[in-house]
Amino acid sequence: MHRAQEPYAAAPKTEKPALAAPTPTPAPPSRRLISPSLAALLARYSVFIALVAGALLSLVLSFTDQSAWLIVFCVLFPLVLVGVFDITQSEHSLLRNYPVIGSARWMFEALRPYLRQYLMEDDLSERPFNREERSIVYARAKNQEDRQPFGTELDTYSAEYEWMTHSLAPAPVAHEPFRVSVGGPACAKPYSASVLNISAMSFGSLGRNAIEALNLGARTGGFYHDTGEGGFSPYHRVHGGDIVWELGSGYFGARNRDGTFSPERFAERAADPQVKMVEIKLSQGAKPGHGGVLPAAKVTPEIAETRGIPMGEDCISPARHSAFSTPAQMMEFVAQLRALSGGKPVGLKLCVGHPSEVFALAKAMLKTGVRPDFIVVDGAEGGTGAAPPELADHLGMPLREGLILVRNALVGTGLRREVRLAASGKVTSGFSMAANMAIGADWCNAARAFMFSLGCVMSMRCHTGTCPTGVTTNDPHLQRGLVVPEKAERVESFHRRTVHALAELVAAAGLSHPGELLPHHVWHRVSPIEVKPLDRLYPFLAAGALLEAPDETAYGADWQAADADSFAPRAAVGPRRAA
């Protein structure tokens, strides 16, 4: 029997091994005329080299009788200079490696917002305001047709969809503008406010023409114009529209040389009959908990005069107030401003942060007996001011949650009847107003919507001073494009037609005033197969619930932590960090 061969056994030796085939001589490697590194270098510089060659050739040919070559040289030579600059500069490595052509990146990066806005995005996808939202404002501001044919373009089965319920017995549409009386028993000069007003935007952030147009529109339409914390400027005064003077942590227009609050200067300016109310700004949606600095180079004589600051120095807005340090002291400051202004309504503006601090304000009202006449809740999605992206995107409570929290704090402590409540944040339509009022707001303020009515095209250059429509710039050449009388008409028209749209919604619900709207009038789609009214999605406290049984509410821990004499919580809220 033959033995099976091992799988890897050596082959048996033979007597006469076959002659091995001669190994072919390898061909000599081809000689490259250009090394790979040199080829890559030429590829990177090919455009620049071509431009240099073209410029030299056209220069030589321009000495012939054909003058067209001189035109070619004039076109190519500036590009050659760009290439020389790109190669020699040290800031951008991309330009050093790819002269001339690398600049296309910056060109397309600069054009990207415009290409997206006008060519690539649909009417509903843009942020922070989509084309449909802006188009409504533009149409109403220009007195153009704002009705749409062929049904809604919204996806009624998406999780973002909301609607109002209507009645089978609609009420007549109100033709008189809706008003809200602001001012409690301590006010000698209560104010009748419109349900839609111009939110805080400072002179300096907005140019003089924009401020004038907004104020003239407010006077014509019978609504108020919030000054923002930049002070009560001469351009707020020119046309005599109703003013809400916002007093921030810098106390601009009412400050001492060291930046502290000046009762004398405040009383002098607050006595102006154009000032209808005073608003203490605690925080804003764009950058809550963050101060600001206006560099000395940007402090113009007009800004210095308006804010009461010296020329040649940085203008600092601290992150917190120096006139008070506790919730109870804040209420005393409210009472002081009310007395100094001759009894005008005084309120607060805040973007909600720690819930315990909101409850601390309510406890301070109960302890001191002083109530602000109104509170404006600013949503984190709002704000015209520039801010670091971390603050703009991830700091502060959105409007709906913040508004409900403040509403519950006031209702739960029995204070709601004495304190008016306003909402500010992405208000562009009658429905956005109705939704805010259904969850507790008495009126709404809008900033960016009124900027659109002035002609803003959302170019996202507000903080650069190069606004192409002249709204957020102090450049006189750019401001020239904003004609005050014409834009004031648009401001008034947007307000009037938006409030009328609100009136139509209220009437369709079978109501006579937006103050009658309740959470169950607005429904929200939770999923493609589930919808709920807002009163089943959010907690809405009954009157006195926080005083009678706070632990039975969703806010028990925050209520217990709240302290009228300190903004710091007096007890831990939630689990503590592990050791």
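Quick caveat, the model's predicted, so the values are computed rather than measured. As a basis for the values below, the full set of heavy atoms in this structure was taken, side chains included, without hydrogen atoms, waters or symmetry mates.
- Here the side chains of Leu537 and Val526 are in contact, with some heavy-atom distance below 4.5 Å.
- Considering only heavy atoms from C-beta on, Thr473 comes within 4.5 Å of Gln479 through its side chain.
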Practice problem: Could you give me the CA-CA distance, side-chain angles and deciding distance for Met201 and Met451, then say whether side-chain contact (heavy atoms from CB on, under 4.5 Å) is met? | Solution: CA-CA 10 Å; Met201 293 181 284; Met451 287 172 62; 3.7 Å; yes
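- In this structure, Arg490 CZ and Arg140 CZ are separated by 16.0 Å, a value rounded to the nearest 0.5 Å.
- The number of heavy-atom neighbours closer than 6.0 Å to CZ of Arg570, taken from other residues, nucleotides and ligands shown, is above 12.
- Salt-bridge annotation for Arg416 and Asp442: present, with a side-chain N of the basic residue lying under 4.0 Å from a carboxylate O of the acidic one.
- A donor-acceptor pair is defined here as one N or O able to donate and one able to accept, closer than 3.5 Å; no such pair exists between the side chain of Thr306 and the backbone of Ile303.
- Two residues are said to be in side-chain contact when any heavy atoms from C-beta on lie closer than 4.5 Å; Val506 and Met437 fail this criterion.
- Within a 6.0 Å radius of OH in Tyr157, other residues, nucleotides and ligands contribute 12 heavy atoms or fewer.
- Between atom CZ of residue Phe223 and atom CG of residue Leu214 there is a gap of 8.0 Å, rounded to the nearest 0.5 Å.
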Quiz item: Stepwise, does the side-chain contact (heavy atoms from CB on, under 4.5 Å) test hold for Asp226 with Ile198?
Solution: CA-CA 6 Å; Asp226 193 312; Ile198 301 171; 5.8 Å; no
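- With a 4.5 Å cut-off on side-chain heavy atoms, Phe359 and Asn408 do not count as touching.
- Taking the six-membered ring where the residue is Trp, Phe266 and Phe261 present tilted rings, their angle falling between 30° and 60°.
- A donor-acceptor contact shorter than 3.5 Å is absent between the side chain of Thr260 and the backbone of Asn256.
- Between atom CG of residue Leu405 and atom OH of residue Tyr555 there is a gap of 5.5 Å, rounded to the nearest 0.5 Å.
- The distance from the CG atom of Asn215 to the CD1 atom of Ile243 is 4.5 Å, given to the nearest 0.5 Å.
- Side-chain N or O atoms of Glu381 include one that pairs as donor or acceptor with a backbone N or O of Leu399 at under 3.5 Å.
- Classification of the Trp443-Tyr224 ring pair by plane angle, with boundaries at 30° and 60°, yields perpendicular.
- Partner Pro327 forms a side chain to side chain contact (heavy atoms under 4.5 Å, CB included) with one of Leu361, Asp563, Thr368 and no other, that one being Leu361.
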Practice problem: Begin from the C-alpha positions of Phe324 and Val334 and carry the test side-chain contact (heavy atoms from CB on, under 4.5 Å) through to its verdict. | Solution: CA-CA 10 Å; Phe324 52 85; Val334 168; over 6 Å; no
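- Because its NZ or CZ atom is both nearer than 6.0 Å to the ring centre of Phe252 and within 45° of the ring axis, Arg307 counts as a cation-pi partner of that residue.
- A donor-acceptor pair shorter than 3.5 Å can be found between the side chains of Tyr191 and Asp242.
- No donor-acceptor contact under 3.5 angstrom links the side chains of Asp565 and Thr326, judged on distance only.
- Met277 is not listed as a side-chain neighbour of Asp373, based on a closest heavy-atom distance of 4.5 Å or more.
- When all heavy atoms of Cys351 and Ala380 are compared, the closest pair comes out as SG-N, 4.0 Å.
- Taking CD from Gln284 and OG from Ser199, the interatomic distance works out to 9.5 Å, rounded to the nearest 0.5 Å.
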Practice problem: Take Ile136 and Asp146, measure what side-chain contact (heavy atoms from CB on, under 4.5 Å) needs, and give me the verdict at the end. | Solution: CA-CA 6 Å; Ile136 291 174; Asp146 63 347; 5.5 Å; no
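- Checked by atom type and distance alone, the side chain of Arg525 pairs as donor or acceptor with a backbone atom of Pro528 at under 3.5 Å.
- Residues His520 and Pro533 approach most closely at CA-CB, 4.0 Å, considering heavy atoms.
- Among Asp475, Leu482, Asn474, the single residue meeting the side chain to side chain contact (heavy atoms under 4.5 Å, CB included) criterion with Leu478 is Asp475.
- Thr413 contributes a side-chain N or O that, together with a main-chain N or O of Leu410, makes up a donor-acceptor pair within less than 3.5 Å.
- A heavy-atom distance below 4.5 Å is not found between the side chains of Leu454 and Thr469.
- Val471 and Cys456 get closest at one heavy-atom pair: CG2-N, 4.3 Å.
- A distance-only check finds no donor-acceptor pair linking the side chain of Ser356 to the backbone of Ala562 [under 3.5 Å].
- Salt bridge annotation for Lys281-Glu229: present, with a cationic side-chain nitrogen under 4.0 angstrom from a carboxylate oxygen.
- Asn445 places none of its side-chain heavy atoms less than 4.5 Å from the side chain of Val427.
- In terms of modelled atom types and a separation under 3.5 Å, the side chain of Lys363 and the main chain of Trp559 share a donor-acceptor contact.
- The structure places CG of Leu517 at 8.5 Å from CG of Leu505, a figure rounded to the nearest 0.5 Å.
- Proximity of a side-chain donor or acceptor of Arg134 to a complementary backbone N or O of Phe452 within less than 3.5 Å is not detected.
- Within a 6.0 Å sphere centred on CD of Glu530, other residues, nucleotides and ligands contribute more than 12 heavy atoms.
- In terms of heavy atoms, Arg371 sits closest to Arg338 at O-NH2, 2.6 Å.
- Counting heavy atoms from C-beta outward, Arg536 and Val531 have side chains that stay 4.5 Å or more apart.
- Taking all atoms of both residues into account, the shortest heavy-atom contact from Gly231 to Trp245 is CA-NE1, 4.3 Å.
- Using a 30° and 60° split on the angle between ring planes, Tyr538 and Phe540 fall in the perpendicular class, above 60°.
- Salt-bridge check for Arg448 with Glu133: failed, with every basic side-chain N at 4.0 Å or more from each acidic carboxylate O.
- Of all heavy-atom pairs spanning Ser566 and Ala360, the tightest one is O-CB, 4.3 Å.
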